[in-house]
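Following: one structure in structure tokens, then a few remarks.
Nothing here was measured: the structure is a model prediction, and the numbers come from that model. We count ligands from 1, going down the list as the structure has it; atoms in each ligand are counted the same way.
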Amino acid sequence: GRDVISVRDFSKEDIEFVLDVAERIETELNEKGSLDYAKGKILATLFFEPSTRTRLSFESAMHRLGGSVIGFSSATSTSVKKGESLADTVKTVEQYSDVIVLRHPMEGAARLAAEVAEIPVINAGDGSNQHPTQTLLDLYTIKRAFGRIDGLTIGLLGDLKYGRTVHSLAEALAFYDVELYLISPELLRMPRYIVEELRGRGLTVHETTDLEGTIPELDVLYVTRIQRERFPDEQEYLKVKGSYQVNCAVLKRAKETLRIMHPLPRVDEIHPEVDRTEHALYFRQVFSGVPVRMALLGLTLGVLEGV
Ligand code: CP
């Protein structure tokens with residue numbers, strides 16, 4: 001369909017197609033500086049939760065496609081504050097725009113929005129559930145760094161319970177021939193239904209609390225922030241706060257070719273000293289957000305003939 005709600009709606013062919021289009025757009029953008037595929041089109045960004053990268057890279061992507069942007073980054077300045085429902089907000093905003101990008105704290109919010117909207121809806125994160133556009137830029141970044149995804153050993157570290165980026169990424173990685181290490185505190189393990197699904201799809205999945213023992217095995221270490229805002233109880237957060245930190249001492253045990261990823265924002269789980277090493281790939285992920293989101297906007301708008 002035209003909506004981008006969950007990686008569960010994507011086939012491997014769909015994913016590869018988006019990554020190919022993103023690569024062609026990146027090349028064309030480098031050659032021409034800016035493009036005009038979305039001239040006259042309007043993107044609406046509806047962000048009910050904070051964001052730096054997702055909102056600004058979608059806005060940048062729309063501008064670089066020649067389109068324009070409306071939206072809000074805090075619902076407190078909108079009529080949501082007066083009690084307007086998400087459905088009515090979406091049915092209103094679609095009169096003003098051609099595609100909606102939505103971030104919302106409620107799991108399933110993007111699916112609900114897509115059901116009421118006539119125009120395409122792109123999920124920019126729904127609670128702890130899914131962040132599919134992040135996953136596409138993560139896969140794009142891995143492919144560009146290694147030339148492939150198949151054959152890699154990948155560790156997902158940190159908050160695997162509440163982290164939506166790792167839920168989406170793990171499900172997409174099940175399409176590839178990878179070995180997966182899930183490294184987290186006991187309290188923050190990946191939800192059982194996802195682990196069972198990954199194993200059911202033939203993926204080799206190891207679960208451990210031991211970062212130092214696992215790091216020598218890895219080609220990619222994908223680090224996540226402990227999602228403090230998702231904990232129902234602050235005391236539970238305090239039990240796992242600061243569980244892991246990737247720093248140069250920890251990296252002494254890693255392969256030279258290990259690449260560290262992080263969807264960002266980070267708090268203290270990657271020491272800034274790692275930024276200067278060859279291991280750091282997280283600002284490359286930030287870069288990938290624009291071509292990948294240009295591809296997604298262009299495809300959902302149906303304006304990319306000739307790319
Ligand atoms: N990676 C990511 O979603 O970042 P923001 O929360 O800043 O959008």
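- Salt-bridge formation is not detected for the pair K91/E118: no Lys NZ or Arg NE/NH1/NH2 atom is positioned less than 4.0 Å from an Asp or Glu carboxylate oxygen.
- Residues H131 and R103 bring a donor and an acceptor atom of their side chains to less than 3.5 Å of each other.
- Annotation: cation-pi geometry satisfied between R201 and F175 (NZ/CZ under 6.0 angstrom from ring centroid, within 45° of ring axis).
- Using cut-offs of 30° and 60° on the angle between ring planes, the pair F72 and F48 is perpendicular.
- Between F231 and Y162, the two ring planes are tilted [angle within 30° to 60°].
- Within 4.0 Å of ligand 1, protein heavy atoms come from S51, T52, R53, T54, R103, H131, Q134, P263, L264.
- Within the structure, ring pair (Phe, Tyr, Trp, His ring centres under 6.0 Å) pairs that include any residue of residues 281-307 do not occur (at least two apart or interchain).
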